[in-house]
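Notes follow the structure.
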There are 2 protein chains.
Amino acid sequence: MPDPHRTRGSYAKGIAKREEILERALEVVAREGMRGASVRELADAVGLSQAGLLHYFDSKEELFTEILRKRDEIDATERLGGGEGDVREGLRRVVRHNSEVPGVVALFSRLSVDAADPQHPAHAFFLERGEGLRGSFAASFRRRQEAGEISDAVDAETLARLLQAAADGLQLQWMLAPTFDMADTLDALFIALAGPLTRPAEDTREP
Amino acid sequence: MPDPHRTRGSYAKGIAKREEILERALEVVAREGMRGASVRELADAVGLSQAGLLHYFDSKEELFTEILRKRDEIDATERLGGGEGDVREGLRRVVRHNSEVPGVVALFSRLSVDAADPQHPAHAFFLERGEGLRGSFAASFRRRQEAGEISDAVDAETLARLLQAAADGLQLQWMLAPTFDMADTLDALFIALAGPLTRPAEDTREP
DNA sequence: GTCTATACTCTGATAGAC
DNA sequence: GTCTATCAGAGTATAGAC
């Protein structure tokens, strides 16, 4: 390591700056939404020129992918972290927060579509993200099924897929017309799945 | 009506040609997918020049909106029509067909996102489409609830919203990785909602 | 009604100075 | 590391001939 100060220093500074850019970009997207999701506008918003911003990212697509990755990172630490709540509670917190950042929801939805192309930089990201998400959803459902809280007529993996689908689909509906509560609506799926089993009180007071 | 032959004739021809264009465009999108969803490429595919194609539509966005409208029209007559099947069966047929036209799924998903903008030509279309869809879903759920087939812990309108969301969300997952059966997975939601109530046979052979 | 040709805009990406 | 300047490409929309 020749001159660790310069090499490690500049490297560290590059990384730090990059992270800082992503955090600011995420805030800007959250506030201003997706209008003009061009590198130029985002660069202005974060206080850099277009070329200056692209200095840190290979392309526009990679930039936006990294913004979403940063979002997930923050969600994981600030809303899923702690480990005290279960999946249902954590998901509810994330969705409720999403209701306050429509621009981020728009960015996520747009990239969800674009990333279908295997060539897109976000393809692998969405693939891994989905698998991870469904994995933890499935584990949670499996636990509930074993506890007898929900029916095992449908396997936990499929329920997990449906839960993820519902969450994503609700976002599309909500962007089109934010006239309902995303968190409550998604939570209703848990209620519906638990079905009659969560209401033993009714059965006990039967003649 | 001065010279009905010319006015009505040209009008009728214009309409007919437009419909023909939409049908062909739908076939092309279904087959070739969304690669290069530009007016030029679509024009080539339907055998017109770019300007020639735009002669029938105000803009690219309106063109794509109309393609989706035509899709719905065909779905309604060919897969929902007849009235013999219930909503669940009809939806299953539509989703199964969608699995064979990934390009159409991609177009729908893309426009679902773009149409969030109230200025987008497809905005009203998606708004009305969603309301109609959820209306018939809700009616079906209400019937099932009254018949005691599914729990009424969640109101039918919310279930309808969740069903629509699941359908749309599954499409996103499936475009990213078509490694599962969309129709079966969506149908599993009905199974999960019916829950234990659909399995009286198990209870009878208990003691 | 359809085509050719073109104008215009937007945007991502790069080169090179500082 | 950041900026200015510029390029190249794509794509929509329109004008005008036929």
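Predicted model, so just to flag it, every value in this text is computed and none were measured. Sequence lines set the chain letters: A, B, ... in the order given, protein chains first and strands last, and positions in each chain run from 1.
In this structure, A/L172 CG and A/F108 CZ are separated by 9.5 Å, a value rounded to the nearest 0.5 Å. The CZ atom of A/R110 sits 9.5 Å away from atom CZ of A/F64, with the distance rounded to the nearest 0.5 Å.
Counting to the nearest Å, the C1' atom of C/dT2 and the CD atom of B/E20 are 14 Å from each other. Across the protein-nucleic acid pair, A/L63 atom CG and C/dG12 atom C1' stand 12 Å apart, rounded to whole Å. Across the protein-nucleic acid pair, B/L53 atom CG and C/dT2 atom P stand 10 Å apart, rounded to whole Å. Taking atom CG of A/L54 as the reference point, atom C1' of C/dT14 lies 10 Å away to the nearest angstrom. Put simply, NE2 on A/H55 is 19 Å from P on C/dG12, counting in whole angstrom units. What separates CD of A/E41 from P of C/dT9 is a distance of 17 Å, to the nearest Å. Counting to the nearest Å, the C1' atom of D/dG11 and the CD atom of B/E61 are 13 Å from each other. Distance CG (B/L42) to P (D/dT12): 10 Å, rounded to an integer number of Å.
The listed nucleotides are C/dT2, D/dT12, C/dG12; the one nearest the side chain of A/V39 is C/dG12.
Shown for residues 104-118 of chain A: no residue has heavy atoms falling under 4.0 angstrom of DNA chain D.
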Where do N or O atoms of nucleotides 4-6 of chain C meet protein N or O atoms at under 3.5 Å, pair by pair?
none

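Annotation for A/T158 and B/A188: closest pair CG2-CB, 3.7 Å, computed over non-hydrogen atoms. Closest heavy-atom contact between B/L127 and A/A177: CD1-CB, 3.9 Å.
Checking A/N98 against A/R71 by side-chain atom types alone, a donor-acceptor pair falls below 3.5 Å.
A/K70 pairs with exactly one of A/E78, A/E20, A/E23 by the salt bridge (Lys or Arg N to Asp or Glu O under 4.0 Å) rule, that one being A/E23.
In this structure, A/L170 and B/Q164 have side chains that are not in contact, with every pair of non-hydrogen atoms separated by 4.5 Å or more. Using a 4.5 Å heavy-atom cutoff, the side chains of B/R96 and B/R93 are not in contact.
In this structure, the side-chain hydrogen bond (donor to acceptor under 3.5 Å, both in side chains) partners of B/D72, at least two apart in sequence or on a different chain, are B/R129.
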